[in-house]
Amino acid sequence: MDSGVRKTVFFLVLAVAVVVALTFNKFNGKPALDTEALREQGVVWYETPRTFVFNPLSEAGGETFTKDDLQDNWTLMYFGFTYCPDICPATLANMAQMMKELRAINSQVAEKVNVVLISVDPARDTPDKLASYVDFFDESFTGVTGDDANLKALSQQLNVAYAIVGDTETDDYLVEHSAQVVLVNPRGDYQGFLRPPFKPKELADAMVKIDQAF
């Protein structure tokens with residue numbers, strides 16, 4: 001086969017591959033994600049999601065929050081604590097506003113988004129106290145916690161850092177912690193994170209795009 005024929009065959013194969021790819025995309029019906037645009041909206045998206053070990057956590061009423069609760073929906077995990085004076089309530093208020101915006105533009109996607117506060121202060125934050133706290137922001141929010149070893153293992157896998165500051169013998173100590181909100185996909189994998197400053201309207205729009213492309 002001479003070089004001219006080889007080139008012709010190559011370009012024919014290439015053309016067929018392009019047509020097949022375009023046809024698949026058309027019938028697949030899922031738009032490609034623009035990760036740079038998502039970043040501008042405050043979402044850092046991992047092209048390859050990361051698996052992680054999730055041991056059960058405690059929630060109000062003696063219920064247990066497990067890996068199964070991460071399936072079939074988008075979970076936004078925020079590591080904080082109820083005694084937090086500013087960052088935690090501000091973040092949860094932004095998540096509540098995002099959910100309000102999301103319900104307005106796409107209620108179906110909103111039903112698939114769960115916001116979960118994971119307390120890194122289990123000594124003071126009981127599951128029942130957490131439930132009352134998160135309900136103040138949005139009744140759909142969930143509050144959970146666990147023992148120190150479980151919380152440390154989970155936070156490290158999700159690139160969240162925290163440390164107690166002050167004397168834990170008193171009630172006025174603080175917990176310094178990362179500010180991002182972890183994004184877990186409907187398969188229960190670590191897909192990325194929402195970074196501050198949080199822009200509720202843009203985040204709501206981003207969640208719709210993410211869900212449609214997933």
Side-chain angles (χ1 to χ4, degrees), residues 37-45 57-60 65 70 73-106 109-146 151-152 154-166 168 170-184 190-211:
L38 285 180
R39 188 177 287 269
E40 288 295 318
Q41 291 178 295
V43 180
V44 176
W45 178 267
L57 294 169
S58 300
E59 57 179 308
F65 190 87
L70 305 179
N73 53 64
W74 295 97
T75 305
L76 301 178
M77 292 182 182
Y78 180 64
F79 290 74
F81 63 115
T82 66
Y83 282 78
C84 182
D86 41 33
I87 296 175
C88 297
T91 298
L92 290 173
N94 277 314
M95 293 301 102
Q97 183 60 34
M98 179 206 70
M99 291 302 299
K100 182 178 179 180
E101 299 281 354
L102 188 53
R103 291 179 185 118
I105 62 174
N106 194 315
V109 173
E111 289 177 359
K112 294 190 284 184
V113 177
N114 292 336
V115 176
V116 179
L117 170 63
I118 300 179
S119 174
V120 291
D121 185 18
R124 292 183 296 184
D125 288 342
T126 65
D128 288 338
K129 182 176 183 179
L130 282 166
S132 298
Y133 182 75
V134 296
D135 278 354
F136 174 80
F137 298 95
D138 191 297
E139 292 184 354
S140 73
F141 288 6
T142 301
V144 299
T145 192
L151 294 171
K152 279 290 185 185
L154 178 61
S155 64
Q156 288 172 0
Q157 293 177 90
L158 302 175
N159 305 119
V160 173
Y162 70 91
I164 293 176
V165 178
T168 56
T170 68
D171 279 336
D172 59 356
Y173 65 87
L174 297 175
V175 184
E176 292 184 347
H177 57 88
S178 302
Q180 77 267 28
V181 176
V182 174
L183 175 64
V184 177
Y190 178 23
Q191 187 69 70
F193 60 92
L194 282 54
R195 63 180 184 179
F198 302 110
K199 298 169 281 188
K201 191 169 184 179
E202 292 190 31
L203 288 174
D205 179 64
M207 289 307 302
V208 172
K209 293 176 182 176
I210 286 170
D211 185 68

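Owing to the predicted nature of the structure, the values given are computational and were not obtained by experimental measurement. Values reported hereafter were calculated over all heavy atoms of this structure, with side chains retained and with hydrogens, waters and symmetry mates removed.
For the residue pair D128/T126, the side-chain donor-acceptor check at 3.5 Å is not satisfied. Between the side chains of Y133 and D125, no donor-acceptor pair of N or O atoms lies under 3.5 Å.
The main-chain N or O of S119 is found under 3.5 Å from a side-chain atom of T145 such that the two form a donor-acceptor pair. A donor-acceptor pair is defined here as one N or O able to donate and one able to accept, closer than 3.5 Å; no such pair exists between the side chain of T75 and the backbone of N114. Remark: the backbone N or O of N159 is paired with a side-chain donor or acceptor of Q180 at under 3.5 angstrom. Within the 3.5 Å criterion, the main-chain N or O of A90 finds a donor-acceptor partner in the side chain of N94.
Of all non-hydrogen atoms in T168 and I164, the two that sit nearest each other are CG2-CG2, 3.6 Å. The minimum heavy-atom distance between C88 and G80, with the atom names listed, is SG-CA, 3.7 Å. Here the closest heavy-atom approach between residue P85 and residue L174 is recorded as CD-CD2, 4.1 Å. For the residue pair P127 and S58, the shortest heavy atom distance occurs at CG-CB, 3.9 Å. Contact between P89 and F137 at its shortest, heavy atoms only, is O-CE2, 3.4 Å. Heavy-atom minimum distance, M99 versus A110: CE-O, 3.6 Å.
If you take CZ on F81 and CG on L117, they are separated by 10.5 Å, rounding to the nearest 0.5 Å. How far CG of L102 is from CE of M95: 11.0 Å, rounded to the nearest 0.5 Å. Considering CD of Q41 and NZ of K209, their distance stands at 4.0 Å, rounded to 0.5 Å. Atom CG of L203 is separated from atom CD of Q97 by 11.0 Å, given to the nearest 0.5 angstrom. Rounding to the nearest 0.5 Å gives a distance of 10.5 Å between OG of S140 and CD of E111. Here NZ of K112 is found 3.5 Å from CG of D211. Values are rounded to the nearest 0.5 Å.
Relative orientation of the Y78 and H177 rings is perpendicular, given thresholds of 30° and 60° on the angle between their planes.
Within the 4.5 Å cutoff, no side-chain heavy atoms of D121 are placed close to those of T82. Between I210 and Q191 there is no side-chain heavy-atom pair separated by less than 4.5 Å. L57 has its side chain within reach of L151: a pair of non-hydrogen atoms, C-beta onward, lies under 4.5 Å apart. Between L92 and F136, every side-chain heavy-atom pair lies at or beyond the 4.5 Å cut-off. Residues I118 and L154 meet the side-chain proximity criterion, which asks for heavy atoms closer than 4.5 Å. Residues R39 and R195 meet the side-chain proximity criterion, which asks for heavy atoms closer than 4.5 Å.
Within 6.0 Å of atom NZ in K152, more than 12 heavy atoms from other residues, nucleotides or ligands are found, so the atom counts as buried in its surroundings.
Under 4.0 Å is where a charged nitrogen must lie from a carboxylate oxygen, and between D205 and K201 no such pair does.
Among V43, V44, L38, the one residue that satisfies the side chain to side chain contact (heavy atoms under 4.5 Å, CB included) test with L194 is V43. Considering L158, L183, V184 as possible partners of Y190, the one that fulfils the side chain to side chain contact (heavy atoms under 4.5 Å, CB included) test is L158.
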- [ ] Please lay out, stage by stage, how M98 and F198 fare under the test side-chain contact (heavy atoms from CB on, under 4.5 Å).
- [x] CA-CA 9 Å; M98 179 206 70; F198 302 110; over 6 Å; no

